[in-house]
J.: 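Here it is, the structure, as structure tokens.
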Amino acid sequence: MRRRNAHPLRRVLQSATPAMASVVVATAYGLGAIVFSIASADATSDLPDRTFVDFAALDREEISSTPSSDRARARTVTYERAAPEPRQPHQALPAIPQDKPRIALVIDDVGLDLGAADRVANLPVPLTSAILPYAEQSADVSRQMRAAGHDVLVHMPMEPVGLADPGPNALRVGLSAADIEARVLWGLARVPGAIGLNNHMGSRFTRDAEAMRLALSAVPAEAGLFLDSMTTSQSRGALAARGLGLNVLERDIFLDHVLEPAAIEARLADAEALSELRGWALVIGHPHDVTLDALESWIDGAQARGIEFITLSELVEHTALDQPQPQIQASIRP
């Protein structure tokens with residue numbers, strides 16, 4: 001592992017208890033689950049391994065923004081903040097062999113703004129685009145992304161807590177099994193070539209184990225990946241997917257809760273730090289101009305520092321999901 005001045009993990013290790021910090025440094029890859037807490041009262045960022053940001057009063061708040069406000073074709077997309085409640089420890093995803101740190105970058109909410117989609121397609125690294133199935137040109141955007149060498153997911157709208165509208169044909173608790181299956185198949189048909197799906201919003205739907213089982217039962221083998229965006233700490237999506245034999249990944253870091261360059265750059269530094277510690281990191285961003293600006297400025301430097309970018313299908317290939325490995329769980333308070 002490389003050492004650099006002002007390493008982004010420095011604040012993590014300084015704020016952990018001395019005993020646990022020594023465990024992280026000395027035995028992070030050789031022992032079982034590692035738990036450390038971040039006690040700093042002003043920490044607000046997402047950090048390693050399925051971390052949940054405690055936004056306190058913002059619990060279950062949905063925020064509405066325009067992915068690319070300066071583009072005439074942009075439409076408003078609503079998405080949910082990360083889960084605020086710490087989860088109980090569970091089996092962690094394994095570390096990739098530490099020959100080179102890897103980052104799997106996912107861009108959600110792709111398809112409504114074609115200009116933003118062009119920018120995503122032209123990012124000069126392998127990545128994964130999560131395309132909204134109700135976007136008018138979702139099929140064309142899917143073909144564009146695959147032609148650029150990117151993976152594609154169905155960004156499946158799912159019911160949130162609260163009144164926010166996840167979009168047409170959203171999966172909702174209380175729908176019949178037939179209706180849930182029909183909506184999943186509709187989503188897959190709207191995004192040809194998808195390797196799987198992840199949730200758009202879904203803080204209510206994903207916490208319902210039976211609803212998730214019904215939804216994921218409709219996923220065919222060729223699209224057998226579920227990425228849990230972790231919009232709630234109570235999600236049962238990964239549990240349901242594993243029970244059905246699907247490949248499962250979970251989001252580590254959201255890049256753009258705060259739509260400011262400095263905040264996004266800090267989350268990118270966290271992603272590098274996690275990839276160096278564990279061997280890989282899975283980060284999700286959105287096609288906002290400020291996010292894409294930050295990515296375009298950061299990618300070359302990250303590659304020069306030894307980061308390798310991979311798609312989700314490559315991440316699945318590099319991870320043996322049945323091998324238990326150390327888990328890092330952090331709780332962050334504002």
Side-chain angles (χ1 to χ4, degrees), residues 60 62 64 67 75-80 83 106-112 117 128-143 145-146 151-232 234-251 284 286 312:
R60 302 185 183 90
E62 283 81 29
S64 180
R75 291 169 56 188
T76 299
V77 177
T78 303
Y79 61 94
E80 296 181 281
V106 179
I107 305 298
D108 278 356
D109 296 347
V110 175
L112 295 181
T128 301
S129 295
I131 298 174
L132 289 162
Y134 55 77
E136 183 178 350
Q137 299 191 48
S138 58
D140 290 338
V141 172
S142 179
R143 285 187 281 269
M145 295 300 164
R146 290 184 289 121
D151 276 353
V152 169
L153 294 175
V154 179
H155 196 37
M156 191 70 204
M158 299 185 188
E159 181 181 6
V161 172
L163 300 178
D165 182 6
N169 286 327
L171 303 181
R172 297 183 180 275
V173 175
L175 288 173
S176 69
D179 284 342
I180 288 175
E181 178 182 15
R183 293 183 184 205
V184 171
L185 294 177
W186 165 82
L188 289 165
R190 294 281 302 167
V191 185
I195 64 167
L197 57 87
N198 72 331
N199 52 297
H200 173 56
M201 304 179 64
S203 57
R204 183 179 182 198
F205 191 86
T206 59
R207 70 178 64 185
D208 189 305
E210 177 61 13
M212 286 302 300
R213 186 190 67 79
L214 291 171
L216 296 176
S217 294
V219 175
E222 61 270 21
L225 169 65
F226 175 61
L227 167 62
D228 197 332
S229 300
M230 299 309 304
T231 57
T232 174
Q234 299 175 29
S235 175
R236 299 296 179 266
L239 181 66
R242 289 188 182 102
L244 293 166
L246 301 180
N247 291 316
V248 182
L249 295 169
E250 293 173 280
R251 181 269 307 165
I284 293 180
H286 300 83
L312 290 189

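The chain is numbered in sequence order, starting from 1. Just the heavy atoms: all of them, side chains too, but no hydrogens, waters or symmetry mates, feed the values below. Quick caveat: nothing in here was measured; it's all calculated off a predicted structure.
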J.: For the residue pair Leu227 and Ile284, establish whether any side-chain heavy-atom pair is separated by less than 4.5 Å.
T.: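 Yes, side chains in contact.
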J.: Among residues two or more places apart or on two chains, list those pairs meeting salt bridge (charged side-chain N to carboxylate O under 4.0 Å, His left out) that have a residue in residues 178-201.
T.: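 Listed once each, the pairs would be none.
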J.: Would you call Asn169 and Pro157 a side-chain contact if the rule is heavy atoms closer than 4.5 Å?
T.: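 Not touching, per the 4.5 Å side-chain cut-off.
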J.: Restricting to non-hydrogen atoms, name the atom on Gly167 and the atom on Tyr134 that form the minimum distance, rounded to 0.1 Å.
T.: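 For Gly167 and Tyr134, the tightest heavy-atom pair comes out as CA-CE2, 3.8 Å.
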J.: Who pairs with Ala211 by side-chain contact (heavy atoms from CB on, under 4.5 Å), at least two apart in sequence or on another chain?
T.: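 With neighbours one apart ignored, the set is Phe205, Asp208.
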J.: So, Ser142 side chain and Pro192 main chain: donor-acceptor pair closer than 3.5 Å or not?
T.: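 Checking the backbone N and O of Pro192 against the side chain of Ser142, a donor-acceptor pair under 3.5 Å is found.
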J.: For Ala130 versus Val106, what's the shortest heavy-atom pair and its separation?
T.: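 Heavy-atom minimum between the residues: CB-CG1, 4.4 Å.
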J.: Looking at side-chain heavy atoms only, is the closest gap between Thr231 and Pro160 below 4.5 Å?
T.: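 No, too far: nothing below the 4.5 Å cut-off.
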J.: Please name the pair of heavy atoms, one in Ser229 and one in Arg251, separated by the smallest distance, quoted to 0.1 Å.
T.: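 Heavy atoms only, the tightest pair is O-NE, 3.2 Å.
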J.: Report yes or no: do Asp228 and Ser235 form a side-chain donor-acceptor pair below 3.5 Å?
T.: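 Judged by distance alone, the side chains do pair up.
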J.: Do Leu216 and Leu197 make a side-chain contact, defined as non-hydrogen atoms from C-beta onward lying under 4.5 Å apart?
T.: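 Contact flag for Leu216/Leu197 side chains = yes.
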J.: Could you check whether His200 and Asp108, counting side-chain N and O atoms only, form a donor-acceptor pair closer than 3.5 Å?
T.: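 His200 and Asp108 do not have a side-chain donor-acceptor pair below 3.5 Å.
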J.: Glu159 side chain to Arg204 main-chain N or O, any donor-acceptor pair under 3.5 Å?
T.: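 Not at all, since once roles are kept as given, no pair shorter than 3.5 Å links the two residues.
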J.: How far does CD1 of Ile195 sit from CG of Leu312, to the nearest 0.5 angstrom?
T.: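 CG of Leu312 is found 5.5 Å from CD1 of Ile195.
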J.: If you take all heavy atoms of Ser217 and Arg213, which pair is closest and at what distance?
T.: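 Taking every non-hydrogen atom into account, OG-O, 2.6 Å.
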J.: Roughly how far apart are Thr128 OG1 and His155 NE2, rounded to 0.5 Å?
T.: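 NE2 of His155 is found 13.0 Å from OG1 of Thr128.
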J.: List the steps, then state whether side chain to side chain contact (heavy atoms under 4.5 Å, CB included) holds for Leu214 with Val184.
T.: CA-CA 10 Å; Leu214 291 171; Val184 171; over 6 Å; no
J.: Between Ser138 and Ile131, what is the shortest heavy-atom contact and its length?
T.: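 So the minimum-distance heavy-atom pair works out to CB-CG2, 3.9 Å.
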J.: For the CG atom of Leu171 and the CE atom of Met212, what is their distance to the nearest 0.5 Å?
T.: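 It comes to 8.0 Å.
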J.: So which atom in Ser129 and which in Val110 form the shortest heavy-atom distance, rounded to 0.1 Å?
T.: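 Heavy-atom minimum between the residues: CB-CG2, 4.3 Å.
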J.: Working to the nearest 0.5 Å, report the span between CG of Asn199 and OG1 of Thr206.
T.: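 Nearest 0.5 Å value for the CG-OG1 distance: 5.5 Å.
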